[in-house]
Visitor: 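The structure is given below, and queries will be raised subsequently.
This is a predicted model, so every value here is computed, not measured.
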Amino acid sequence: MSDISANQSKARAYKTAGWMLMIFALLISFALTPLVGAVPLFIGYLILRKGKKYSVEGGESVLKRDTRPPVLYLRSFNDEVEDRSMAKYVKNISTSNKKDLALTMPSVGFREQDALGYVFRKIGPYIALGKPGEKLPELGSSKIYVPNESWQNAIRDYFKKSILIIFRAGKTEGLKWELQELVQTVAPRKIVMILPVSDDEYLSFILLLSGKN
């Protein structure tokens, strides 16, 4: 069985299990109390979301199907992993001033990368480089995977091809290189910057750029 067929089978299995669990949760909520059904409903949602990850279309396929110039999303892989953290979401609920799009998104639901897709797919295929070695892509942009030794050349190539580039500020050296390359080679009208709202995160970002972090 090919990888595509295997992934489609897994996607169907997860989605079927997720829907069955959610239906069960709704039934016991009506029969007993909504609080009883909350946990299985939540678990069913997570299963559905994982099933969706098995069925997402890869970036190369998206670019072949949609020949418009792409929209490139740049972010830190570390931030992408951290965005899935329930602890971060609970913390943000108590401290967020709701100015940061990512902080208004449920930790287990839509995330910034995912939410932005509804807008940017109207402009062009919404793509990003995938994290090396990840088994399932995070939902949102369509992922393109390249060897570690050639990722910088791939980024330069997509800078030239893209109609728009979304840069989410982060604190990794790879993202620092991308920003330096971005400001040197890309017209400002093609760049959308997503900067940290909190003073601490913004200071960390500035220190990284200045070489003091």
Visitor: Between the side chain of Lys161 and the main-chain N/O of Phe159, is any donor-acceptor distance below 3.5 Å?
Guide: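 No, the answer is negative, given that no donor and acceptor are paired below the 3.5 Å cut-off.
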
Visitor: Below 4.5 Å, heavy atoms only, C-beta onward: do Leu48 and Met22 meet side chain to side chain?
Guide: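 Leu48 vs Met22: side chains touch.
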
Visitor: Check the pair Glu134 / Tyr145 against side chain to side chain donor-acceptor pair (under 3.5 Å), numbers first and verdict last.
Guide: CA-CA 10 Å; Glu134 67 181 359; Tyr145 295 91; 2.5 Å; yes

Visitor: Determine the interplanar angle of the Tyr54 and Tyr14 rings, folded into 0 to 90°, and report it as parallel if under 30°, tilted if 30 to 60°, perpendicular if over 60°.
Guide: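 Aromatic pair Tyr54/Tyr14 classed parallel.
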
Visitor: When rounded to the nearest 0.5 angstrom, what distance separates CD in Glu173 from OG in Ser76?
Guide: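 If I round to the nearest 0.5 Å, the distance is 11.0 Å.
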
Visitor: Do Thr16 side-chain atoms and Ala13 backbone N/O form a donor-acceptor pair below 3.5 Å?
Guide: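 Judged by distance alone, no pair lies under 3.5 Å.
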
Visitor: Test Lys53 against Glu138 for salt bridge (charged side-chain N to carboxylate O under 4.0 Å, His left out), laying out the working first.
Guide: CA-CA 7 Å; Lys53 291 182 179 183; Glu138 187 55 55; 3.6 Å; yes

Visitor: How about Glu57 and Ser61: does a side-chain donor come under 3.5 Å of a side-chain acceptor?
Guide: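 There is such a pair between these side chains.
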
Visitor: Is it true that Lys15 and Ser55 share a donor-acceptor pair across their side chains at a distance under 3.5 Å?
Guide: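 Side-chain D/A pair, Ser55 to Lys15: present.
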
Visitor: Arg68 side chain to Ile163 main-chain N or O, any donor-acceptor pair under 3.5 Å?
Guide: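 Side chain of Arg68 to backbone of Ile163: no pair is present.
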
Visitor: Look only at the side chain of Arg65 and the backbone of Glu60, and say whether a donor-acceptor pair between them is shorter than 3.5 Å.
Guide: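 No: the side chain of Arg65 does not pair with the backbone of Glu60.
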
Visitor: Report yes or no: does Lys10 contribute a side-chain atom to a donor-acceptor pair with the main-chain N or O of Gly51 at less than 3.5 Å?
Guide: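 No, Lys10 side chain to Gly51 backbone: no donor-acceptor pair under 3.5 Å.
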
Visitor: More than 12 heavy atoms of other residues, nucleotides or ligands under 6.0 Å from CH2 of Trp19: is that the case?
Guide: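 No, not enclosed.
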
Visitor: First locate atom CG of Leu164, then atom CG of Leu72, and finally report the distance between them rounded to the nearest 0.5 Å.
Guide: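 Atom-to-atom, Leu164:CG and Leu72:CG are 9.5 Å apart.
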
